[in-house]
Amino acid sequence: VDPVAQAASILLFREQERQLFVVERARSLRFFGGFLAFPGGKVMAEDADTEFLAAAGSGLTGAARPADYVAAARELFEETGVLLARDPEGKFPRASECVSLRRALVDGTESFKQLLKRARLAVARTDLNFAGSLVTPPFMPARFDTKFFLASPPHEQQAEVWPGELAAGYWGRAGDILHGWQGGNCLVSPPTISILEAVRAAGGQSPIDALESLFQRALRDPALPIQLSPGVELIPLRTAALPPSTHTNAYLVGTGPVYLIDPGAAEREEQDRLLALLEDRAAHGRRLSGVLLTHHHADHVGAAELCARRFDVPILAHAMTAARVGKIHVDQTIDDGERLELGTSLDGRPDWTLEVLHTPGHAPGHLAFLDRRYGVLFAGDLVSTQSSVVIAPPDGDLTIYLHSLERLKSVSGCRLLLPAHGTTSCQPSATIEQTLIHRARREAMLIELLRGGTGDVGSLARQIYEGVPDALMGFAELQVLSGLEKLRREGLAQKSDTGEGSSWRTVP
Ligand SMILES: [Zn+2]
C-alpha cells in the first residue's frame, strides 16, 4: 500500500468578483510541473502545535484536524503572502507587515510559529471554511489526503507569488480558467479541474455546497475522472508490469468517438473496476467507441477483449501487434499517418483527431498517438518516466528504438507526454532527451568494458547493472544484448562463439 501524506489546500475566493486564486507550479517540478493548482502543501509535524490556533472557532466540522488548519494557513502565507491570522483585537496584519514576516519564513530565519508569536497573531478556524477532502488515487507516485478550505482574502492584504517552486499566481473566475484550459492555453491539475467545475456549476451561489457535494462524490466509486488534458482521462490500472512499476496507465480520449488506450488489467477485480468506470463515463455521455493498443505486451492488453465485448466496439492496433497478441482479436489494423476521429474538442472546435505514429523498437508494432490540437503525446512504452524501457531482442531493437525516440523528440508543439508507466511530463522533448542520454551512457559503459577485454552477456550485465536484483537480471542481460547487437551492426563489436557460449569484444 502506498503511503498517503496529509496535505492542506486553500481556495482563496473573492465573493464579489467570484474569483479564485490559482498558482502555476514551476515546470521543473516532478509532480504536475507547469500545471495550475490551488495553494497548499504537506501538513508538517510542527503544524500540530495548538499554540497556533485561536481558542475560538470550536463547533465547526470535525473532519479536519487543527494541524490541517494551521498547515493550510502556513502554506497559503508562504505561497501567496496572504496571512489568515489575527491579532488580539481580531485584526489581520497589513500588507507591509505580511511582506517582512513572509521574508523571514521564506528565508528560514523564523518558523511559522515563531513569527506568529512575535507578531502576536493566531490562526482562527472561523477564517478557514473546511469544504472536504480528496485522496490521490492509487498508483500515483505521490499520494495525498488533502483537506480543502475555502477562505476570503483579508481586504488589507494582497496575494502575490514569489517565483520559486511556483512560477506565477493570479485571480480568475472558475469558468474563465476552465475556458482557457479547454482552449489549450494552460495546463490544470486534475483535482483543480474538478474543483473549478464545481465552483462554476454553483453559479452565483456560495461555492461551499457545490464543493461539499463534489468531495462527497469523490468518496464513492468510480472515482472522479483524472483529467490531464481536455477530453483526456487517465485510468491507472494495476497490472503485472515489470518492477518497479505496479500498474499501467490506460487513457480515455475523445468526446465522441471515445477511445480507450491500453487497458492492461488482467485480474478480475481490477477489470471489474475498469468496467464500472467505463459504464459511469458512458452514462455521462462518453461511451466507448474503440480500444487502441500501443503494442502487444501483456500489461497493455489484459482487459482489451473484455472492454471491446462489453461495449461491442473494435480493437485497433498495428498489424505487427495483431500478429503477436495471442488470443486477442484485432478488428482493425492501423498504421503510421492515419488519423482517428475524436469528435468536437471541449472548446467547441470540430475535427479533433488522434494521429497514429508507428514507433517500433520496444516492440515491432509499437504505436504512439498524437493529439495535435492540445499537443498531447501518448507514448506507450517508448518512454517511461519511472525507469528505463526494456529493449528485449529479438522483438526489441535498440537502433530502431533510438530512431523512434528521435522522431518523437522532434514532434513540434508537443507539451504533454503521457507514458504507459510513470507520471505525466510537461516537457516532452526534455524527457525524451533524458532517455536518449541515459542510453548513450549505457552504450559508453558497454564499449568501455569491451575495451577492457572480452565478456559474455551475463558478466557484462552484472557489471553494468550492479545492484539489480537477481530476479531482474534476465532483463538486464536482454538490455545488454540489444546494446551489443547495435554495436555489431555499427561495426564496433563482434561476437565469437566459444565452447562455453558466446563472448563479445571490440573490433580491433
Ligand atoms: Zn511493453
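The first residue in the sequence is number 1, and the count goes up from there. Read the numbers this way: they start at 1 and go in the same order the structure lists the ligands and their atoms.
Looking at H297 and the Zn ion (ligand 1) together, the shortest N, O or S contact belongs to ND1. The atom of D381 that is an N, O or S and sits closest to the Zn ion (ligand 1) is OD2.
Screening residues 406-459 for ring-ring contact (aromatic ring centres under 6.0 Å, His included), with sequence neighbours left out, gives H300-H421.
Contact annotation: H300 places no N, O or S atom under 2.8 Å from the Zn ion (ligand 1). Not one N/O/S atom of H366, from backbone or side chain, sits under 2.8 Å from the Zn ion (ligand 1).
You'll find the side chain of L36 reaches within 4.5 Å of the side chain of Y170, heavy atoms only.
Among T246, N249, T248, the single residue meeting the side chain to side chain donor-acceptor pair (under 3.5 Å) criterion with T239 is T248.
Nearest heavy-atom pair, H358 versus H366, reported as atom, atom and distance to 0.1 Å: CD2-O, 3.3 Å.
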